[in-house]
Colleague: 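This is the structure I want to talk about, given as structure tokens.
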Amino acid sequence: MSVWDAHYSALYGSPLAVDAVLVLEDTDGTTIELRAIDKTVPSAINFRGADVLDIKPSAMVRAVDLADVDPRALRGASVIFNGKTWTVRTHETVPAPTGEAYGQIRLIVSEEAE
């Protein structure tokens, strides 16, 4: 176990993360129970030297929790946390220093149904 594995285990095991369920839109309706960090409230990000509000609600999850999921299956999936159901519109990887597979995945979500 690397120091980054320990870091993410502690982070996602803490009160900063919440229980979540990811439901894929496959024929089986595959569900994955995991922990997520709620990033659905806009936050300031630095863009070309100025702070701007990020307006994309998202949820952060550990990449290792989705290691067996084809990334194309994330689009259109549902993720349920904090009493709301969100639709995954797209995703992006947030690598750890030890590599993409050990970092996080940002699920860009919306409340609208498809």
Side-chain angles (χ1 to χ4, degrees):
M1 176 186 285
S2 76
V3 68
W4 287 100
D5 292 331
H7 167 75
Y8 285 124
S9 292
L11 178 63
Y12 282 88
S14 78
L16 294 175
V18 297
D19 292 328
V21 176
L22 180 70
V23 182
L24 302 178
E25 279 202 327
D26 58 15
T27 55
D28 298 329
T30 303
T31 61
I32 301 167
E33 293 184 13
L34 44 71
R35 301 274 292 166
I37 298 175
D38 185 343
K39 299 280 188 173
T40 56
V41 175
S43 59
I45 59 171
N46 190 282
F47 179 74
R48 296 186 181 181
D51 285 339
V52 296
L53 282 182
D54 179 16
I55 58 171
K56 296 182 285 189
S58 62
M60 300 296 287
V61 298
R62 290 184 68 180
V64 295
D65 291 340
L66 300 180
D68 295 332
V69 176
D70 181 344
R72 294 174 294 191
L74 295 174
R75 186 172 291 220
S78 297
V79 62
I80 304 151
F81 59 93
N82 285 340
K84 287 189 177 180
T85 301
W86 301 85
T87 300
V88 177
R89 298 298 176 193
T90 190
H91 72 283
E92 58 190 15
T93 58
V94 181
T98 52
E100 199 171 277
Y102 301 102
Q104 300 174 90
I105 297 175
R106 179 179 290 118
L107 303 174
I108 310 297
V109 298
S110 71
E111 287 187 89
E112 300 101 35
E114 296 227 13

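Because the structure is a prediction, the values reported are computed rather than measured.
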Colleague: Quick one: CH2 on W86 to CG on L22, what's the gap to the nearest 0.5 Å?
Modeller: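 Separation between the atoms: 15.0 Å.
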Colleague: Starting from V21, can I reach I37 by hopping between I/L/V/M/F/W/Y residues whose side chains sit under 4.5 Å apart?
Modeller: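 I37 does not cluster with V21.
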Colleague: A101 and A63: which non-hydrogen atoms are nearest, and at how many Å?
Modeller: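 Here A101 and A63 meet closest at O-CB, 3.5 Å.
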Colleague: Do you know which two heavy atoms are closest between A17 and L11, and how far apart they sit?
Modeller: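 Answer, listing the atom of A17 first, then L11: CB-O, 4.1 Å.
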Colleague: For R35 and D65, work out which heavy atoms get closest and say how close.
Modeller: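 In this case the closest contact between R35 and D65 is N-OD2, 4.5 Å.
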Colleague: Under a plain distance cut-off of 3.5 Å, with no hydrogens placed, do D28 and T30 share a side-chain donor-acceptor pair?
Modeller: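 Side chains of T30 and D28: no pair found under 3.5 Å.
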Colleague: How long is the gap from CG on D26 to OG1 on T31, to the nearest 0.5 Å?
Modeller: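 The distance works out to 9.5 Å.
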Colleague: May I have the list of side-chain donor-acceptor pairs in residues 66-73 shorter than 3.5 Å, sequence neighbours left out?
Modeller:
residue : atom : partner : partner atom : Å
D70     : OD1  : R72     : N            : 3.0
D70     : OD1  : R72     : NE           : 3.3
D70     : OD2  : R72     : NE           : 3.2
D70     : OD2  : R72     : NH2          : 2.7

Colleague: Any donor-acceptor pair under 3.5 Å linking the side chain of R75 with the backbone of R89?
Modeller: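 Yes; at least one donor-acceptor contact below 3.5 Å.
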Colleague: Indicate if F81 and L24 have the same hydrophobic cluster label, given that clusters are the connected sets of ILVMFWY residues with side-chain heavy-atom separations under 4.5 angstrom.
Modeller: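 Yes, because F81 and L24 connect within a single hydrophobic cluster, where side-chain heavy atoms sit under 4.5 Å apart.
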Colleague: Does M60 share a hydrophobic cluster with V64, counting links as ILVMFWY side-chain heavy atoms below 4.5 Å and allowing steps through other members?
Modeller: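 Each belongs to a different hydrophobic cluster.
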Colleague: According to a 4.5 Å side-chain heavy-atom criterion applied to Ile, Leu, Val, Met, Phe, Trp and Tyr, with indirect links allowed, do V18 and I80 form part of one hydrophobic cluster?
Modeller: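 No, V18 and I80 fall in different hydrophobic clusters.
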Colleague: If I take atom CG from residue D38 and atom CG from residue L16, how far apart are they, to the nearest 0.5 angstrom?
Modeller: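 Answer for the CG-CG pair, D38 versus L16, is 11.0 Å.
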Colleague: Just one of R106, K56, Q104 clears the side-chain hydrogen bond (donor to acceptor under 3.5 Å, both in side chains) bar with E92, so which one?
Modeller: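 One option only clears the test, and that one is R106.
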Colleague: Which atom pair, heavy atoms only, marks the closest approach of G29 to V23?
Modeller: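 The pair with the smallest heavy-atom distance is O-CG1, 4.2 Å.
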Colleague: Identify the heavy atoms of Y8 and G103 that sit nearest to each other, and give their distance.
Modeller: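 Closest pair (atom of Y8, atom of G103, distance): CE1-CA, 4.0 Å.
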Colleague: How long is the straight-line distance from CD of E111 back to OG1 of T40, given to the nearest 0.5 Å?
Modeller: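 Result: 8.0 Å between the selected atoms.
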Colleague: Under a 3.5 Å distance rule, please check whether T93 uses its side chain to pair with a backbone N or O of P95 as donor and acceptor.
Modeller: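 Pair absent, no side-chain N/O of T93 close to backbone of P95.
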Colleague: List the atom of R62, the atom of S9, and the distance in Å for their closest heavy-atom pair.
Modeller: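 For R62 versus S9, the nearest heavy atoms are NH1-OG, 3.4 Å.
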